[in-house]
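Computed from a predicted model, the values in this text were never measured in an experiment.
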Amino acid sequence: MEQAGPRPRDTHGSPGTGSPDTGKAAVRVPPQPRAAAEVSRGRDRERDRELDRARDRERDRGAAAAGGSARGEHTHGEPPLPGIAAARPVVVQRASVRGQVLDALRTALVAGELAPGEVYSAPVLGERLGVSATPVREAMQQLALEGAVEVVPNRGFRVVERGARELAELAEIRGLIEVPVMLRLARTVSAGQWAELRPLAEASVRAASTGCRATYAETDRAFHRAVLALAGNEQLVRIADDLHRRAQWPLVGGPASRGHADLIADAAEHTALLDALVAQDLVVVQSLVREHFAGG
């Protein structure tokens, strides 16, 4: 007859009884190592963090390259801009140079310094402006989108030749957009609000008296933007200003096609328009605006 082996021990009590052993102190279980899955998750999180750091470093290197690789430009030795940490690359310089070049070229167009029909190369213009050819090309590409110049392969950019018909078409479009807005403003805007625009009208008169087409063009557009801004429609202001800018480009006849006396007469229409708007004289407002647009 086989002898029975030792009865299995109940780990929660006395041997073989199945009941808790309350007479002995509880056994303290030592802390167990982290489970394998938890260890794996920790490693994954650390790897993700390292990848994020690597991507940040790569992005910073790319931004630094974009900000300092333009021909003829440099960023070393530049003082840090306020509010931007010195350790991070300043990447606004290129866009700033391009904007300044674009403004200079627009001024040259209005003043007639860039003659209609003539071809200009980016390196030559860059030398005149004291910058590299790269921001000039970028600015001229923008002017090409606006219709002021056209690309001539392997040569540069030709200033578009404009005639009286194009100017008349622009005047018609501006009238369709702006006349209804100004008539509505004449009925709704207070005299006090119109009075706030009086300094802009007077500034255009002073600019016209200098005989400088470029100086007057800026004050002329500033006045019209301020008037249309009272309508509270930013898209309207942007579109109307673009049309106005195009209307200011010289015709094929050059700067002499619109002389000093024409600028003074044009500026005087600003103050007359304000007077009509304050008086809510809709007939005069409509007539003045259409005449004003016909003159550019």
Side-chain angles (χ1 to χ4, degrees), residues 63 66-67 69-73 91-178 181 213-226 228-229 233-255 257-258 293 296:
S69 61
R71 287 176 293 173
E73 298 177 35
V91 296
V92 298
Q93 184 181 5
R94 183 183 180 88
S96 175
V97 170
R98 181 178 59 187
Q100 293 174 27
V101 170
L102 181 58
D103 289 341
L105 293 177
R106 282 173 171 165
T107 298
L109 276 171
V110 173
E113 296 172 6
L114 298 180
E118 294 295 322
V119 177
Y120 298 91
S121 69
V124 171
L125 290 175
E127 185 176 353
R128 287 174 55 183
L129 296 173
V131 299
S132 71
T134 298
V136 175
R137 289 193 188 94
E138 293 171 344
M140 293 298 266
Q141 291 287 353
Q142 176 60 37
L143 290 176
L145 292 175
E146 296 175 3
V149 301
E150 56 188 9
V151 179
V152 181
N154 302 321
R155 292 186 60 194
F157 302 85
R158 177 186 289 113
V159 179
V160 173
E161 297 180 277
R162 303 170 58 248
R165 178 176 178 176
E166 182 177 346
L167 186 61
E169 291 173 348
L170 288 170
E172 180 181 4
I173 297 172
R174 292 180 66 195
L176 292 172
I177 294 175
E178 296 188 43
V181 175
R213 289 169 51 87
T215 302
Y216 174 69
E218 290 298 321
T219 58
D220 181 24
R221 288 180 24 248
F223 172 78
H224 283 268
R225 284 197 304 266
L228 294 177
N233 188 327
E234 294 181 2
Q235 299 303 317
L236 167 69
V237 175
R238 185 176 296 111
I239 292 172
D241 189 57
D242 179 63
L243 292 170
H244 193 171
R245 186 197 304 279
R246 293 172 62 184
Q248 291 174 333
W249 297 335
L251 301 180
V252 176
S257 62
R258 197 170 189 218
F293 289 170

Shortest non-hydrogen pair, Ala217 vs Val110, comes out as CB-CG1, 3.7 Å
I need the Leu236 CG to Arg225 CZ distance, nearest 0.5 Å.
13.0 Å
Check Arg155 against Ser121 and note the closest heavy-atom contact, atom names and distance.
O-CB, 3.5 Å
Return a table of donor-acceptor pairs under 3.5 angstrom between the side chains of residues 139-146 and protein atoms on other chains or two or more places apart.
| unit_1 | atom_1 | unit_2 | atom_2 | d |
| --- | --- | --- | --- | --- |
| Gln142 | NE2 | Glu146 | OE2 | 3.1 |
| Glu146 | OE1 | Arg106 | NH2 | 3.4 |
| Glu146 | OE2 | Arg106 | NH2 | 2.3 |

What's the spacing between Gln248 CD and Glu218 CD if we round to 0.5 Å?
7.5 Å
Shortest non-hydrogen contact from Ala148 to Leu109?
CB-CD1, 3.7 Å
Could you check Leu125 against Leu114 for side chain to side chain contact (heavy atoms under 4.5 Å, CB included), going step by step and ending with a plain yes or no?
CA-CA 10 Å; Leu125 290 175; Leu114 298 180; 4.1 Å; yes
For Gln235, side-chain hydrogen bond (donor to acceptor under 3.5 Å, both in side chains) partners two or more places apart
Arg238
For Tyr120 against Arg128, the heavy-atom pair lying closest together
CE2-NH1, 4.5 Å
Looking at Ala214 and Ala111, what are the two nearest heavy atoms and their distance?
CB-CB, 4.3 Å
What distance separates Thr107 OG1 from Leu102 CG, expressed to the nearest 0.5 Å?
9.5 Å
Around atom CD of Glu127, are there more than 12 heavy atoms of other residues, nucleotides or ligands at under 6.0 Å?
no
Indicate whether any N or O donor in one side chain lies under 3.5 Å from an N or O acceptor in the other, for Glu138 and Thr134.
no
Out of Arg221, Arg246, Arg174, which one pairs with Asp241 under the salt bridge (charged side-chain N to carboxylate O under 4.0 Å, His left out) rule?
Arg221
Angle between ring planes, His224 versus His244, binned at 30° and 60°: parallel, tilted or perpendicular?
perpendicular
Ile173 and Leu243 have their tightest heavy-atom pair at CG2-CD1, 3.6 Å
Kindly determine whether Val119 and Phe157 satisfy side chain to side chain contact (heavy atoms under 4.5 Å, CB included), including the steps that lead there.
CA-CA 5 Å; Val119 177; Phe157 302 85; over 6 Å; no
